[in-house]
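Contents: one structure, followed by commentary.
Sequence positions, counted from 1, serve as the residue numbers for this chain.
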Amino acid sequence: MSGPMALEPGGTERDTLALRLAVAPAPARDDHTPAPEAVSRLAAELADRVGPAVHPYEVAALLEAEGLTAEQIKEQYGHPDLFSLATALYAQVPRTFPEPPATADPWRPDPVRSLLRGVLFALPGLAYLLTAPLWHPGGHAAGLIVAGLLSWAWGQALGHRAHVRLATGRREAARTLLTGAPLGAALATSAAVPLAGGAAVLAAAAAQSLYLAAAGVLLVLARERLLLAALTPLLAGAAALPWRDPGTPLRLGLPLLALLATLAVTAHALRGALAVPAAAGGGRPPLPSSLPYGLFGLAAGLLVLLEGRREPYAVIVLTISMGPAEWLLYRYRSLSVAALRATATPAGFRLRSAAVLGLCLLGYLLPLLPAARLTGAAPDTLLPLAATLWTALLLQAFGEAWPPAAICLAAAGLAGALTLLHLPPGPAALPLSCGAAALALVICALRLLGRPARHA
């Protein structure tokens with residue numbers, strides 16, 4: 001009930017209404033004429049509760065619950081019975097259909113977790129700062145690069161399979177990771193053997209492959225804090241570098257300690273996930289379904305590698321930005337669901353969906369401008385590459401894996417060929433390739449994600 005009556009202390013809303021109905025004076029009328037003014041007053045009192053009713057019987061139940069007696073109905077409102085008065089109220093009050101109660105947003109992002117993941121993506125780079133003097137003079141980085149690219153591609157494909165299995169249960173996902181992660185580390189290390197040029201580089205490639213496999217397991221199982229704790233030795237070693245050379249024992253020992261800690265917490269996380277009872281149903285996804293995710297990982301690694309050859313600091317900025325990028329992927333899905341609820345036509349949703357895509361993409365790219373200037377990276381390459389990666393990840397989040405894989409592979413192949421062969425447009429090959437890829441991916445996103453069915 002609205003109005004001052006609902007605010008009176010000392011009783012419930014129902015008691016207040018019953019008291020008012022009981023003491024209200026009967027309007028002046030003869031014995032056979034209804035009291036329209038009293039009925040109108042009652043309709044105004046109960047408008048907010050009568051309006052949503054879909055049948056007079058609901059109004060009758062409301063009046064009965066309020067304690068209205070047969071004598072009051074006859075004497076005060078001039079109706080022969082409860083159902084007659086309910087029908088009159090139902091006819092007087094316009095129908096209102098309030099919005100359903102707001103439900104929890106299933107795509108609400110966790111900003112702390114997203115920022116933590118961005119930091120975790122960048123922290124392993126400290127290991128290269130500490131160990132580079134130990135392996136670089138006697139070997140070549142090609143072995144590390146090849147092992148890293150293969151680990152990245154394998155990790156993307158394995159992450160897809162594990163996330164699909166998570167829908168069935170943590171035990172099933174853990175079994176997939178327990179099988180796939182060691183196999184990926186072994187393959188990446190084997191690929192580095194012919195290119196290592198020495199035992200030191202091969203050992204670094206093996207350590208890199210083991211770490212990437214273990215870290216991928218922890219990230220899929222959402223154990224980011226365990227991974228952060230395992231990497232604290234790297235933070236300690238990097239903090240000492242500006243002041244003094246920690247020496248060979250610490251340059252080798254601290255990264256090794258971080259690797260062993262990462263492997264230990266990974267084993268702990270897998271053991272806990274495997275202890276969960278197995279869920280019923282849910283088969284393994286077919287192997288070809290994970291192929292485009294692996295190809296995208298390979299293409300993304302090549303693009304980042306080409307950017308690193310030109311602007312090493314741009315890679316640092318890009319790596320840290322992957323945390324906010326994941327947060328914005330969730331925001332896109334949340335805003336898209338809100339747009340779906342706010343529109344009534346497919347055309348209206350397409351417009352709102354395009355606006356949401358533009359807002360999220362700009363929200364990701366704009367903070368990269370001051371970060372690029374702060375580190376001396378060139379925005380003309382960083383921004384197209386970042387737009388390419390974010391839009392590709394967005395499409396993958398909706399199960400559209402082949403378009404981003406094909407577009408990113410084409411961009412990486414074209415930019416790599418033009419750069420390595422020193423063909424025109426030379427240094428502009430990567431920005432132009434990434435710009436074209438970003439445009440193609442945005443068009444795909446507008447076409448594929450502008451359908452209401454993809455967000456229902």
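Rounding to the nearest 0.5 Å places CG of Leu359 at 8.5 Å from CZ of Arg331. Rounding to the nearest 0.5 Å places CZ of Arg223 at 13.5 Å from CG of Leu228. Separation of atoms OG1 (Thr262) and CG (Leu226) is listed at 10.0 Å; rounding is to 0.5 Å. With rounding to the nearest 0.5 angstrom, the CG atom of Leu210 is 6.0 Å from the OG1 atom of Thr189. Summarising the geometry, atom CG belonging to Leu178 is positioned 11.5 Å from atom CG belonging to Leu183; distances are rounded to the nearest 0.5 Å. Leu291 contributes atom CG, which lies 9.5 Å from atom CG of Leu287 (distance to the nearest 0.5 angstrom).
With contacts defined as side-chain heavy-atom distances shorter than 4.5 Å, the pair Pro277/Arg171 does not qualify. In this structure, Leu393 and Phe296 have side chains that are in contact, with non-hydrogen atoms separated by less than 4.5 Å. Inter-residue side-chain proximity for Leu303 and Cys434 is flagged as met; some heavy-atom pair is nearer than 4.5 Å. Counting heavy atoms from C-beta on, the side chains of Leu335 and Cys360 come closer than 4.5 Å. Side-chain atoms of Leu302 and Leu149, non-hydrogen and from C-beta on, do get closer than 4.5 Å to each other. Leu382 places none of its side-chain heavy atoms less than 4.5 Å from the side chain of Glu311. Between Leu318 and Glu307, the closest side-chain pair of non-hydrogen atoms is not below 4.5 Å. Contact of the Leu329 side chain with the Trp390 side chain is registered, since non-hydrogen atoms from C-beta on lie closer than 4.5 Å.
For the residue pair Leu221 and Arg170, the shortest heavy atom distance occurs at O-NH2, 3.4 Å. Cys444 approaches Ile407 most closely through the heavy-atom pair SG-CD1, 4.1 Å. Heavy atoms only, all atoms of each residue included: Ser336 and Phe349 are closest at O-CE1, 3.6 Å. Ala412 and Leu306 get closest at one heavy-atom pair: O-CD1, 4.1 Å. Nearest heavy atom pair, residue Ala205 against residue Ala192, reads CB-CB, 3.7 Å. Residues Ala269 and Leu218 come closest through the heavy atom pair CB-CD2, 3.8 Å.
Between the side chain of Ser334 and the backbone N or O of Tyr330 there is no donor-acceptor pair closer than 3.5 Å. The closest donor-acceptor contact from the side chain of Thr345 to the backbone of Gly348 lies under 3.5 Å. Here the side chain of Ser289 pairs a donor or acceptor atom with the backbone of Pro286 at under 3.5 angstrom. In terms of modelled atom types and a separation under 3.5 Å, the side chain of Thr232 and the main chain of Ala229 share a donor-acceptor contact. Side-chain atoms of Gln208 come within 3.5 Å of backbone atoms of Leu144 as a donor-acceptor pair (strictly under, hydrogens ignored). Under a 3.5 Å cut-off, the side chain of Thr375 and the backbone N or O of Ala372 do form a donor-acceptor pair. The main-chain N or O of Gly159 is found under 3.5 Å from a side-chain atom of His163 such that the two form a donor-acceptor pair. Within the 3.5 Å criterion, the main-chain N or O of Leu449 finds a donor-acceptor partner in the side chain of His455. When atom types are taken as modelled, the side chain of Trp327 and the backbone of Val112 share no donor-acceptor pair closer than 3.5 angstrom. Side-chain atoms of Arg373 do not come within 3.5 Å of backbone N or O of Leu368 as any donor-acceptor pair.
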Q: Apply the test side chain to side chain contact (heavy atoms under 4.5 Å, CB included) to residues Leu166 and Glu172: give CA-CA distance (whole Å), side-chain angles for both, the deciding distance (0.1 Å), then the verdict.
A: CA-CA 7 Å; Leu166 269 177; Glu172 289 70 20; over 6 Å; no
Q) Stepwise, does the salt bridge (Lys or Arg N to Asp or Glu O under 4.0 Å) test hold for Glu66 with Arg49? A) CA-CA 12 Å; Glu66 294 294 345; Arg49 300 164 71 183; 2.9 Å; yes
(Q) For Thr131 and Arg251: C-alpha separation, side-chain torsions, deciding distance, then whether side chain to side chain contact (heavy atoms under 4.5 Å, CB included) applies. (A) CA-CA 6 Å; Thr131 62; Arg251 282 185 177 273; 5.7 Å; no
**Q.** Worked verdict on Arg454 versus Glu400 for salt bridge (Lys or Arg N to Asp or Glu O under 4.0 Å)
**A.** CA-CA 11 Å; Arg454 300 308 303 268; Glu400 297 290 345; 2.8 Å; yes
**Q.** CA sep, side-chain torsions, deciding dist, call: Leu46, Val59, side chain to side chain contact (heavy atoms under 4.5 Å, CB included)
**A.** CA-CA 9 Å; Leu46 300 177; Val59 183; over 6 Å; no
Q: Apply side chain to side chain contact (heavy atoms under 4.5 Å, CB included) to the pair Ser209 and Trp154, showing each step before the final yes or no.
A: CA-CA 11 Å; Ser209 302; Trp154 186 273; over 6 Å; no
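Judged by the 6.0 Å distance and 45° axis criteria, Arg333 is positioned over the aromatic ring of Phe398.
Exactly one residue among Leu235, Leu234, Thr319 makes a side-chain contact (heavy atoms from CB on, under 4.5 Å) with Leu123. That residue is Leu235.
Within a 6.0 Å sphere centred on OH of Tyr90, other residues, nucleotides and ligands contribute more than 12 heavy atoms. For CZ of Arg113, the number of neighbouring non-hydrogen atoms (other residues, nucleotides, ligands) closer than 6.0 Å is greater than 12.
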